[in-house]
Amino acid sequence: MKLCFATNNAHKLEEIQDLLGDSFSLTTLREIGCEEEIPETHDTIPENSFEKAEYIWKNYGINCFADDSGLEVDTLNGAPGVHSAYYAGPQRDADDNMDLLLENLKGHENLAARFICVITLVLDGEYRQFEGAIEGKISMEKRGSHGFGYNPVFIPEGHDRTFAEMTMQEKSELSHRGRAFEKLKQYLISL
Ligand code: IMP
């Protein structure tokens with residue numbers, strides 16, 4: 001089955017290609033001729049995920065899926081949440097974002113956090129969503145170098161290493177995205 005994955009993030013594409021396996025051939029946005037920024041105008045992760053898939057379906061008429069994800073920290077009332085990518089500003093810099101997060105968490109004892117991911121699949125105009133989450137806590141020092149975003153400061157529950165200290169495969173088995181994509185995969189296989 002041929003599907004477009006509506007992302008410009010090469011790390012994600014690699015993670016998902018790995019997870020979905022050979023039975024699905026993923027097309028990139030560039031391959032379908034979509035070079036523009038896809039709008040993300042909503043305040044929640046499910047709505048932004050829907051908006052991205054809808055944009056591709058309405059403008060390009062191609063079966064696709066889009067994901068939206070973010071980090072929610074309990075003591076910060078769910079921030080950075082839907083604003084995770086640009087928490088510290090429009091430069092969308094992972095180090096700046098983590099530095100601001102650690103600064104905002106200084107003096108807080110509760111470091112509980114979770115990553116969440118919502119995927120919207122559109123097949124011939126029919127929409128369906130799949131969710132995944134992983135509970136954990138924030139590490140007050142950055143550790144590890146794998147992957148992207150907040151990986152160096154997130155320790156998944158039941159582990160003592162951060163996501164950035166895990167291999168891509170270890171992370172995919174645990175992660176919010178891995179869990180949501182596993183649900184997507186099971187659904188696609190059942191068709
Ligand atoms: P997106 O909506 O999936 O692009 O994610 C938005 C932002 O959330 C990313 O730019 C990262 O800052 C953060 N994020 C989402 N998933 C992950 C992850 O697996 N590891 C680290 N950061 C993530």
Side-chain angles (χ1 to χ4, degrees), residues 4-19 26 28-29 34 37-56 64-73 76 78-102 104-105 111 113-121 129-139 142-157 159 161-184:
C4 174
F5 180 16
T7 184
N8 284 311
N9 182 327
H11 285 289
K12 272 200 212 167
L13 197 70
E14 201 188 347
E15 273 189 23
I16 299 320
Q17 236 149 27
D18 198 52
L19 195 98
L26 296 187
T28 62
L29 286 173
C34 175
E37 187 100 348
I38 302 178
E40 291 180 46
T41 58
H42 294 282
D43 287 333
T44 70
I45 288 172
E47 286 173 303
N48 273 345
S49 166
F50 188 92
E51 185 177 23
K52 288 190 259 186
E54 185 183 44
Y55 180 89
I56 297 301
C64 73
F65 58 87
D67 75 330
D68 199 60
S69 51
L71 177 67
E72 296 179 343
V73 181
L76 301 177
V82 74
H83 308 296
S84 293
Y86 47 87
Y87 187 44
Q91 71 279 19
R92 294 173 175 251
D93 183 83
D95 272 306
D96 292 352
N97 289 338
M98 286 187 284
D99 291 343
L100 179 62
L101 180 69
L102 298 184
N104 289 343
L105 280 173
L111 298 176
R114 76 199 52 75
F115 270 118
I116 70 160
C117 174
V118 177
I119 301 165
T120 305
L121 170 72
Q129 289 194 313
F130 306 88
E131 285 189 35
I134 171 81
E135 298 288 333
K137 65 176 183 199
I138 301 300
S139 157
K142 298 179 199 167
R143 296 198 322 244
S145 58
H146 298 157
F148 69 102
Y150 298 85
N151 274 4
V153 294
F154 184 79
I155 303 173
E157 208 167 60
H159 294 261
R161 284 171 303 148
T162 67
F163 266 172
E165 293 175 305
M166 297 183 171
T167 62
M168 194 167 80
Q169 193 178 345
E170 274 179 294
K171 183 190 159 188
S172 293
E173 279 165 17
L174 290 173
S175 83
H176 51 311
R177 192 168 304 101
R179 289 174 176 176
F181 273 95
E182 189 53 40
K183 290 184 188 170
L184 170 73

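In each ligand, atom 1 is the first atom listed, and ligand 1 is the first ligand listed.
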Would you kindly specify which portion of Lys12 sits under 4.0 Å from ligand 1, judged on non-hydrogen atoms: side chain, backbone, both or neither? side chain
Backbone N/O of Ala133 and side chain of Arg114: donor-acceptor pair under 3.5 Å: no
Pull out every atom of ligand 1 sitting under 4.0 Å from any heavy atom of Asp68, numbered as shown with elements. 2 (O)
Give a yes or no on whether a salt bridge exists between Lys137 and Glu157, defined as a side-chain N under 4.0 angstrom from a carboxylate O. no
Of all protein heavy atoms, the one nearest atom 14 (N) of ligand 1 is Phe115 CE2, 3.8 Å
Considering only heavy atoms, which of Gly178, Gly149, Ser84 lies nearest to atom 8 (O) of ligand 1? Ser84
Pair Ser69-Arg177, side-chain donor/acceptor within less than 3.5 Å: yes
Can a donor-acceptor pair be found, under 3.5 Å and without considering hydrogens, that links the side chain of Thr120 to the backbone of Phe50? yes
Salt bridge (Lys or Arg N to Asp or Glu O under 4.0 Å): which pairs involve residues 87-100, sequence neighbours left out? Asp95-Lys142, Asp99-Lys142
Atom 16 (N) of ligand 1: closest protein heavy atom, distance to 0.1 Å, is Arg177 NH2, 2.6 Å
Nearest heavy atom to atom 13 (C) of ligand 1: which of Phe154, Tyr86, Tyr87, Tyr150 does it belong to? Tyr150
Which ligand 1 atoms, with their elements, are less than 4.0 angstrom from a heavy-atom of Lys171? 18 (C), 19 (O), 20 (N)
Can Phe163 be said to touch ligand 1, with heavy atoms closer than 4.0 Å? no
Check whether any side-chain N or O of Lys52 sits under 3.5 Å from a backbone N or O of Pro39 as a donor-acceptor pair, and report yes or no. no
If you scan protein heavy atoms around atom 3 (O) of ligand 1, the nearest is Ser69 OG, 2.4 Å
So is Lys171 actually on top of Phe163's ring, under 6.0 Å and inside 45° of the axis? yes
Just to be sure I'm reading this right: ignoring hydrogens, which of Val153, Leu101, Asn151, Asp67 gets closest to atom 20 (N) of ligand 1? Compare them by their nearest heavy atoms. Asn151
Are Phe5 and Phe181 close enough that their ring centers fall under 6.0 Å? yes
Contact with ligand 1 for His176, non-hydrogen, under 4.0 angstrom: yes
